[in-house]
Student: 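To start, I am sharing the structure in question, which I have written as structure tokens.
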Amino acid sequence: MTTMTDASVREFKMPDVGEGLTEAEILKWYVQPGDTVTDGQVVCEVETAKAAVELPIPYDGVVRELRFPEGTTVDVGTAIITVAVAGAAAPEAPGAPEAPAEQPQAEPAPAAEEPKPEGRQPVLVGYGVATTSTKRRPRKGPQADVPGPAQAIQAELNGHGGALAEKARPLAKPPVRKLAKDLGVDLASVTPSGPDGVITREDVHAAAAPRAAEPVTEAPAALAAPAAAPAAPAPAASYDTARETRVPVKGVRKATAQAMVGSAFTAPHVTEFVTVDVTRTMRLVEELKQDKDMQGLRVNPLLLIAKALLVAIKRNPEINASWDEANQEIVLKHYVNLGIAAATPRGLIVPNIKDAHDKTLPQLAEALGELVTTAREGKTSPAAMQGGTVTITNVGVFGVDTGTPLLNPGESAILAVGAIKLQPWVHKGKVKPRQVTTLALSFDHRLVDGELGSKVLADVAAILEQPKRLITWG
């Protein structure tokens, strides 16, 4: 996490605050150059594809430089702040020239040019494992005849040997590839100077320098413009800014979009519906609110719906499973991490209650209350969104009757709960006003057939119609 750059200055790098994340956006700095910091002090807040997280500094000292402004998305492993450690020579005043030992840098920290670790897959917390645009690719050697150590190992692991080197792709980070594209530089023609044959920004600029001096009369404008005027302002928006607003897709919203697309086109979804009279359940909710054992706890219909789903899973454990594509196996889970979809200002997140199947009703109510409160405050931790097995999404809070929810990748079922409304209903042979709702259960048809899905949905409906079944079935 830290790197000693000289005898007195340390760099704090963007950590991987989740499992396999590759980048994070700096939302807010809590310190400025010249501020004194102590070990464990929070210096900034960042947003990943999973959640907003506060980052503490791991040592004492004085802030020398903030490498990136707020709103910047930074790769994991890139230095974001430098600190003159306590007990060393006093740092130079903010804004003063650096000592010769530390050359001014036109680009962000050198660590940003280091190749990222291999074998890490982006894991979208609350959405399971899904392919994203930030997924790291296996490394390949930059030259066909002289592969570096990393390339030779990768070639051997892939079983391609020399054939891999012949089709080798130059090693470079995405920002460097974009720079090369903008400058019209073919990376295959660039001589790398970085570790293990990695092409750096300096290599690309060096390769582009001769091209800038050449005539560009026949060069496409898209390639000629960056070399001729690299500081030219961005083109004006091609849409009416008075009538349209464009919001960049990033962070949680980007992760949600990618996960849902992956889910829709990976798992064959089936959705079943049932409309049920929940009048007795609503009465029980009111009674529980007055119960001394439930005082101070969040008691609402969602609590009993969650408990009903847990009982249904206990009666039909095969629904609590996942599909392992790599090994072609169905993984049966002997625990239930119950996910609750929550709408937040940063987008939809799905934190889950760990081992919900073992909790009593008061314990479940307490866990639900903490989950909702934390989500609304934007403080849900990455750990709270990992490992979900089954999810509930309550669209009824928006007045919606029902929907066809998409599965979270890695899960086999999701229950949507519609609005509870007073409706005419045949009760004991007579039409009476009753509290009615519609439930929708989506499931992965690869491992859940129609019979199993129908049994689970029917059990949930039966419990909500006659909540005493929580005791007789539970």
Side-chain angles (χ1 to χ4, degrees), residues 16-23 48-50 76 115-141 150-161 163-164 167-169 171 174 252 254-271 313 316-339 349-352 354-355 382-391 405-414 442-450 452-453 456:
D16 179 357
V17 294
E19 293 184 356
L21 294 176
T22 61
E23 63 184 16
T48 69
K50 301 177 180 181
V76 168
K116 298 178 182 177
E118 297 183 46
R120 299 175 65 188
Q121 301 294 329
V123 179
L124 307 180
V125 182
Y127 313 104
V129 179
T131 302
T132 74
S133 62
T134 59
K135 180 177 180 182
R136 295 186 178 100
R137 301 180 180 177
R139 298 173 179 171
K140 300 179 182 179
Q151 292 75 38
I153 293 174
Q154 186 65 48
E156 183 177 350
L157 290 175
N158 290 342
H160 297 303
L164 179 66
K167 300 181 290 183
R169 183 168 179 252
L171 278 176
V252 175
K254 181 178 180 180
T256 302
Q258 293 170 332
M260 291 299 96
V261 170
S263 173
F265 293 99
T266 300
H269 287 59
V270 172
T271 305
I313 293 172
N316 306 275
E318 296 86 359
I319 194 75
N320 188 44
S322 63
W323 181 272
D324 187 337
E325 180 66 27
N327 296 312
Q328 289 295 292
E329 295 175 338
I330 294 175
V331 183
L332 299 176
K333 309 293 179 63
H334 304 303
Y335 58 92
V336 181
N337 290 346
L338 182 62
I349 63 173
V350 189
N352 60 78
K354 308 300 183 186
D355 295 323
M385 294 185 285
Q386 296 172 0
T389 61
V390 176
T391 293
L406 291 180
L407 294 167
N408 293 321
E411 299 182 14
S412 62
I414 180 171
S442 290
F443 49 86
D444 187 340
H445 215 357
R446 293 175 298 180
L447 63 157
V448 180
D449 57 25
L452 176 58
V456 172

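Because the structure is predicted, anything quoted here is derived from the model rather than measured.
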Student: By side chain to side chain donor-acceptor pair (under 3.5 Å), which residues pair with N337, not counting sequence neighbours?
Tutor: none
Student: Under the side-chain contact (heavy atoms from CB on, under 4.5 Å) criterion, do I313 and V390 qualify, and how do the steps go?
Tutor: CA-CA 9 Å; I313 293 172; V390 176; 4.0 Å; yes
Student: Taking S322 as the fixed residue, which of E329, K333, E411 is the one that meets the side chain to side chain contact (heavy atoms under 4.5 Å, CB included) rule?
Tutor: K333
Student: Quick one: side chain to side chain donor-acceptor pair (under 3.5 Å) partners of D324, sequence neighbours excluded?
Tutor: N327
Student: Holding to side chain to side chain donor-acceptor pair (under 3.5 Å), I want the full list of residues that pass it with S412, two or more places apart in sequence or in another chain.
Tutor: none
Student: Just wondering, do V350 and M385 contact through their side chains at under 4.5 Å, heavy atoms?
Tutor: no
Student: Do L332 and N320 have side chains that get closer than 4.5 Å, going by heavy atoms?
Tutor: no
Student: Between L407 and F443, which heavy-atom pair has the shortest distance, and what is it?
Tutor: CD1-C, 3.8 Å
Student: Just how far is it from atom CG of D355 to atom NE2 of H334, taken to the nearest 0.5 Å?
Tutor: 13.0 Å
Student: Using every non-hydrogen atom in the two residues, find where N352 and Q386 come nearest and quote the distance to one decimal.
Tutor: ND2-O, 3.0 Å
Student: Show the nearest heavy-atom pair for residues A321 and I330, with the distance to one decimal.
Tutor: CB-CG2, 4.1 Å
Student: Can you name the closest pair of heavy atoms from L452 and I319 and give their distance?
Tutor: CD2-N, 3.8 Å
Student: Quick one: side chain to side chain donor-acceptor pair (under 3.5 Å) partners of E325, sequence neighbours excluded?
Tutor: W323, Q328
Student: Measure the shortest side-chain to side-chain distance between H269 and D444 over non-hydrogen atoms and say whether it is less than 4.5 angstrom.
Tutor: no
